[in-house]
Engineer: 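Encoded as structure tokens, here's the structure I'll be asking about.
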2 protein chains.
Amino acid sequence: MTDRSEIPWPTVKRLSLYLREAERRIEAGATTVSSRQLGEANDIAGTQVRKDLGHFGQIGKSGIGYQATNLVMTLRRILGLNRSWRAVVVGVGNIGRAILGYPQFSQRGFHVIAAFDQNQAVVGEKIGGVEVHGMEALIDFIENEDIHLGLLAVPSEVSQQVAELLVEAGIKGILNFAPNRLLVPVGVVSVDLSRSLEMLAFQVSSGLTGEPPLGD
Amino acid sequence: MTDRSEIPWPTVKRLSLYLREAERRIEAGATTVSSRQLGEANDIAGTQVRKDLGHFGQIGKSGIGYQATNLVMTLRRILGLNRSWRAVVVGVGNIGRAILGYPQFSQRGFHVIAAFDQNQAVVGEKIGGVEVHGMEALIDFIENEDIHLGLLAVPSEVSQQVAELLVEAGIKGILNFAPNRLLVPVGVVSVDLSRSLEMLAFQVSSGLTGEPPLGD
DNA sequence: TTTTGTGAAACGCTTCACAGCG
DNA sequence: CGCTGTGAAGCGTTTCACAAAA
């Protein structure tokens with residue numbers, strides 16, 4: 001394994017796709033997968049797949065391909081999925097509720113432990129088996145319950161402020177649903193629905209078809 | 001204005017950000033914005049902003065910057081936001097419900113006209129003022145109500161099939177929430193929450209901080 | 001002086017071409 | 001042969017450097 005910080009971001013974005021494909025093939029009975037097989041469902045060339053996987057050493061066998069279960073284990077390890085992640089949802093509006101009701105997350109080791117909201121009207125509610133607490137309980141909860149990730153679904157006017165609160169409490173990463181950049185010293189990935197819709201509007205207006213470069 | 005199909009995709013992804021920033025500055029009383037101002041909130045260099053905007057002709061003034069309201073109009077036109085988009089939500093699970101309750105969309109001219117689901121138990125329900133219909137009504141509705149976009153929030157096992165249905169009915173673009181590529185001859189933008197979480201896990205595991213290249 | 005617009009250079013990722021292994 | 005791994009070439013985007021406009 002090479003130093004993870006040397007892996008190009010475009011490669012990282014594809015690793016999830018390879019992992020899924022490998023898992024699908026294993027379920028279909030495969031014990032071995034080729035670079036072409038790993039890429040074809042997502043229109044990624046075999047060469048590209050091999051270059052990407054090459055970052056982790058020589059893990060394939062010429063003439064055969066990749067040992068499927070090994071590959072899955074390697075990808076899981078690189079992506080950081082060989083552990084369990086404890087997360088809280090902050091902001092129980094529409095998006096927060098959707099996350100709380102989304103069972104797929106726990107399949108990958110992401111566990112939503114609790115939710116928080118400023119609005120006293122929703123405090124005490126239970127959504128998808130997860131209890132909603134008041135914001136004043138946030139810091140203690142994160143510290144005491146060993147929470148790693150924050151799923152941030154608050155209005156954009158307060159997202160930076162709440163993000164800083166999370167970081168102060170010791171959180172390690174934030175999935176941000178607000179349409180603005182967060183300046184915090186932890187990992188951040190943003191999901192910006194308005195922006196996605198606008199990119200779609202551009203595509204349609206331009207008469208473009210299919211997905212833009214690499215499923216983003 | 002140049003041919004839109006010649007605009008590089010990385011540029012398109014940034015246009016939404018410039019538009020937002022320009023609008024924010026106008027609200028704050030600005031009549032003029034510089035390339036540096038447009039980029040700084042998102043950590044984009046002034047040169048980059050100018051190269052991007054250069055695709056639409058020479059719309060700035062040396063020493064001054066860009067006429068704010070003009071710029072907003074231009075960006076809106078390029079992105080295809082100078083019109084109204086009629087959309088339907090297909091699949092009224094957690095994500096579908098979240099979209100239906102999300103009022104911000106209509107601010108940008110995206111109007112969710114109706115929702116559809118296979119499950120008879122939710123048909124007839126009204127969510128966020130939008131009625132849920134059965135899947136059998138989908139094709140006629142799209143044709144008769146002049147629907148342009150489909151917001152696809154169905155399980156991944158059926159997403160390709162439903163996408164084909166939408167295209168057959170004449171839809172022009174799909175915002176896809178299922179974790180798989182859609183092979184259809186219309187515009188597609190995907191929002192893949194599991195993948196975003198996995199990229200976040202990678203970042204945190206690697207000790208990386210801040211956002212990956214350009215807020216994606 | 002501030003800021004745009006733009007060729008040219010630099011950079012990073014993708015694709016090619018092919019050696020080598022099973 | 002089929003498939004991997006990889007140096008080298010190719011390509012598209014970003015950054016630099018600077019001329020020109022207000």
Side-chain angles (χ1 to χ4, degrees), chain A residues 1-15 17-18 21-22 25 30-40 42-68 70-71 74-75 199 208 211-216, chain B residues 1-15 17-18 21-22 25 30-40 42-68 70-71 74-75 199 208 211-216:
Chain A
M1 166 182 65
T2 327
D3 182 6
R4 266 194 288 221
S5 59
E6 290 169 9
I7 304 176
W9 187 251
T11 294
V12 174
K13 286 172 74 179
R14 285 185 293 262
L15 294 183
L17 303 176
Y18 304 154
E21 187 60 25
R25 301 245 167 201
T31 62
T32 231
V33 283
S34 73
S35 56
R36 187 148 56 81
Q37 291 174 331
L38 283 171
E40 66 187 0
N42 294 288
D43 238 19
I44 300 169
T47 315
Q48 181 68 80
V49 175
R50 293 198 296 279
K51 261 265 158 49
D52 286 340
L53 298 182
H55 286 107
F56 320 127
Q58 308 180 177
I59 57 181
K61 294 247 183 289
S62 304
I64 305 292
Y66 301 86
Q67 201 60 37
N70 265 332
L71 180 64
T74 301
L75 287 172
M199 291 172 355
L208 301 177
E211 295 208 39
L214 89 321
D216 144 81
Chain B
M1 166 182 65
T2 328
D3 182 5
R4 266 195 287 222
S5 59
E6 290 169 10
I7 303 176
W9 187 251
T11 294
V12 174
K13 287 172 74 179
R14 286 185 293 262
L15 294 183
L17 303 176
Y18 304 153
E21 187 61 25
R25 301 245 166 200
T31 63
T32 232
V33 284
S34 73
S35 56
R36 187 148 56 81
Q37 290 173 331
L38 283 171
E40 66 187 1
N42 294 288
D43 238 20
I44 300 170
T47 315
Q48 181 68 79
V49 176
R50 293 198 295 281
K51 262 268 156 50
D52 285 340
L53 298 181
H55 286 107
F56 319 128
Q58 307 181 176
I59 57 181
K61 295 245 183 290
S62 302
I64 306 291
Y66 301 85
Q67 201 61 37
N70 265 332
L71 179 64
T74 301
L75 288 172
M199 290 171 357
L208 300 176
E211 295 208 39
L214 92 315
D216 145 83

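Below, read A as the first sequence line, B as the second, and so on, with proteins coming before strands; counting in each chain starts at 1. Note that the structure is predicted; figures quoted are calculated from it, not measured.
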Engineer: Once you round it to whole Å, what is the distance between P of C:dC13 and CG of A:Leu15?
Structural biologist: 13 Å
Engineer: Any N or O donor-acceptor pair linking the side chain of B:Lys51 to the base of D:dT13 at under 3.5 Å?
Structural biologist: no
Engineer: Can you tell me if A:Arg14 touches the phosphate of C:dC13, counting only side-chain N or O atoms and a distance under 4.0 Å to OP1 or OP2?
Structural biologist: no
Engineer: Quick one: side chains of residues 44-54 of chain B, donor-acceptor pairs under 3.5 Å with protein atoms, not counting sequence neighbours, listed by atom name and distance.
Structural biologist:
residue	atom	partner	partner atom	Å
B:Gln48	NE2	B:Asp52	OD1	3.3
B:Arg50	NH1	B:Ser35	OG	3.0
B:Asp52	OD1	B:Thr11	OG1	2.7
B:Asp52	OD1	B:Arg14	NH2	3.1
B:Asp52	OD2	B:Arg14	NE	2.6
B:Asp52	OD2	B:Arg14	NH2	3.3
B:Asp52	OD2	B:Tyr18	OH	2.6

Engineer: Within the structure, does a side-chain N or O atom of A:Tyr66 lie under 4.0 Å from either OP1 or OP2 of D:dG5?
Structural biologist: yes
Engineer: Between B:Gln48 and D:dT14, is there a side-chain N or O to OP1/OP2 distance below 4.0 Å?
Structural biologist: yes
Engineer: Expressed in angstrom and rounded to an integer, what is the separation of A:Asp52 atom CG from C:dT15 atom C1'?
Structural biologist: 13 Å
Engineer: Quickly work out the B:Leu53 CG to C:dG5 P distance and round it to whole Å.
Structural biologist: 8 Å
Engineer: With side chains defined as the heavy atoms from C-beta onward, is the minimum distance between A:Glu21 and A:Gln37 less than 4.5 Å?
Structural biologist: no
Engineer: Any side-chain N or O of B:Arg50 below 4.0 angstrom from OP1/OP2 of D:dA17?
Structural biologist: no
Engineer: Which pair of heavy atoms, one from B:Ala30 and one from B:Ala68, lies closest together, and at what distance?
Structural biologist: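 Heavy atoms only, the tightest pair is O-CB, 4.3 Å.
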Engineer: Any idea which heavy atoms bring A:Gln67 and A:Thr31 closest together, and the distance?
Structural biologist: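 What the structure gives for the nearest pair is NE2-O, 3.5 Å.
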Engineer: CZ of B:Arg36 versus P of D:dT15: gap in Å, rounded?
Structural biologist: 16 Å
Engineer: Expressed as a whole number of angstroms, how long is the span from B:Gln67:CD to D:dA22:P?
Structural biologist: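 Going from CD in B:Gln67 over to P in D:dA22 covers 14 Å.
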Engineer: Quick one: is C:dT4 close enough that its OP1 or OP2 comes under 4.0 Å of any side-chain N or O from B:Ser35?
Structural biologist: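 It does, given that an N or O in the side chain of B:Ser35 lies less than 4.0 Å from OP1 or OP2 of C:dT4.
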Engineer: Please work out if A:Thr47 contacts a base, only the sugar-phosphate, or nothing of the nucleic acid, heavy-atom cut-off 4.0 Å.
Structural biologist: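 Result for A:Thr47 = base.
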Engineer: Roughly, in whole Å, what's the span from CD1 in A:Ile64 to C1' in C:dG20?
Structural biologist: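 After rounding, the reported distance stands at 15 Å.
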Engineer: Round to a whole Å and report the spacing from CD1 of A:Ile7 to P of C:dC13.
Structural biologist: 12 Å
Engineer: At under 4.0 Å, does any side-chain N or O of A:Gln37 touch on OP1 or OP2 of D:dC3?
Structural biologist: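 Looking at the OP1 and OP2 atoms of D:dC3, neither is under 4.0 Å from any side-chain N or O of A:Gln37.
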